[in-house]
Amino acid sequence: MKILGIDTSCDDTCVALLEIRNSKLKILSNIISSQVKLHAKYGGVYPSLAKREHIKNLPLVFRRATKRIKLSEIDLVSVTNGPGLEPCLWQGVNFANELAKNLKVPLIPVNHIEAHILVNSPKIFPAICLVISGGHTQLILMKGIGQYKLIGETRDDAAGECFDKAARILGLSYPGGPIISKLAKKINNGSRTSIILPRPMIYQKNYDFSFSGLKTAVLYDYRSRPSKLRKSKQYIREMCREVQQAIIDVLIHKTIKAAKDFRVKSIIFGGGVVANEELRKQFQEKIRKEIPNTEYLMPDTKYCTDNAVMVVIAAYFHRQEVKRVNWKKIAVDANLKI
Ligand code: KG4
Ligand code: ZN
């Protein structure tokens, strides 16, 4: 069985093709056309520009992803239909609707958040899922495939958005996460930073987050420094380390608390921010120390950020729900809930 997946929920045009043989998944292609350079000058994603790029890139990305097969070999088409940027989502969904109709194969709509989770192929439940990306910061209690309860989320900015906005304040490139992580590493381990940022909502008795105040704290600190100092490498690196650590501290505290409170058997990570090396390391240490009997799943870093392999895997988990070849046009829901 060959499944094609498409994701155009944000600024990456992604198409992947997987083959499933004896329940084993084999990635035949995984093509991502990134728009990072284009959006860099705006310090974030510019939706109408992203839509235009998807229109231009999707046919090319699709052709590359399928160049080694005959299109008639595709058994199933899957596409992200939300949540995400509405004009962008429509590009993938329109393309998938047409494709499935022409090939006369079923079409499975995929929830982008669920795809970030299912890319781990989870098996041990109940689980706490932490999904941290540019658009979302959510803690989800998962009882099984398709059984989710949102227990906490950000009240304002997402964790990835905070990385991106802090980077912008510091005059760094977009996306902020990778560059902040790189500069934070340049501070000697153990040397204390003179900058202290808040850890928003860390001790509140809920599983919600708030990162917009953290971004504002970065801005105030930056503005309060003489211009020569705030442009110095040392200041920028210290700020990168402190903002990264503030985000990590809050995420670790709330996730471990949720894992203990709900007595889960595993923790599942997903989303672009999980690519952060320091976050991975500190989470692993904390889990081993505080809840050593809890399993954890973290995707390989290349499957943390947006890709279409995760869309195919999510569709594969839901393949039974498509009982027969009954082609039906699907729609977009930019605010789709898990
Ligand atoms: O999952 P994703 O690719 O797209 C969304 O669904 O939003 O996540 C993108 C986010 C961006 O905000 C980016 O700054 C962040 O993931 N990110 C990182 C790292 N790599 C990407 N954040 C921290 N550290 C990283 N290494
Ligand atoms: Zn994503």
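Everything numeric here is computed off the predicted structure, so don't read it as measured data. When reading the values below, keep in mind they use all heavy atoms of this one structure, side chains included, and skip hydrogens, waters and symmetry mates. Start at 1 and go down the list; that is how both ligands and their atoms are numbered.
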Cation-pi, Tyr235 ring and Arg230 (6.0 angstrom, 45 degrees): no

Closest protein heavy atom (residue, atom, distance) for atom 11 (C) of ligand 1: Asp164 OD2, 3.6 Å

Distance-only donor-acceptor check, side chains Glu277 and Ser181, under 3.5 Å: no

Min N/O separation Phe163 to ligand 1 under 3.5 Å: no

Contact with ligand 1 for His136, non-hydrogen, under 4.0 angstrom: no

Close N or O approach (Asn276, ligand 1; < 3.5 Å): yes

Proximal atoms of ligand 1 relative to His116 (non-hydrogen, under 4.0 Å): 1 (O), 6 (O)

Option set Cys304, Gly177, Gly272, criterion heavy-atom distance to atom 21 (C) of ligand 1, minimum: Gly272

For Leu130, the option from Ile252, Leu139, Ile140 that meets side-chain contact (heavy atoms from CB on, under 4.5 Å): Leu139

Min heavy-atom dist Gln244 to ligand 1 below 4.0 Å: no

Sub-2.8 Å protein N, O or S atoms surrounding the Zn ion (ligand 2): His112 NE2, His116 NE2, Asp306 OD1

Members besides Leu85 in its Ile/Leu/Val/Met/Phe/Trp/Tyr cluster (side-chain heavy atoms under 4.5 Å): Val45, Tyr174

Side-chain heavy atoms of Lys143 within contact of Phe125, under 4.5 Å: no

Test of proximity, Asp306 against ligand 1: N or O pairs below 3.5 Å: yes

Pair Asn206-Lys254, side-chain donor/acceptor within less than 3.5 Å: yes

Gly160-ligand 1 polar pair, N/O distance under 3.5 Å: yes

Any residue meeting side chain to side chain contact (heavy atoms under 4.5 Å, CB included) with Asn102, in chain and number order, not counting sequence neighbours: Glu98

Min N/O separation Thr305 to ligand 1 under 3.5 Å: no

With sequence neighbours excluded, residues passing ring pair (Phe, Tyr, Trp, His ring centres under 6.0 Å) with Tyr203: His253

Heavy atom of Gly135, distance to ligand 1 below 4.0 Å: yes

Aromatic Tyr316 / basic Arg319 pairing, under 6.0 angstrom, 45° off normal: yes

Full working for ring pair (Phe, Tyr, Trp, His ring centres under 6.0 Å) between Phe269 and Phe283: CA-CA 10 Å; Phe269 295 86; Phe283 251 114; 4.7 Å; yes

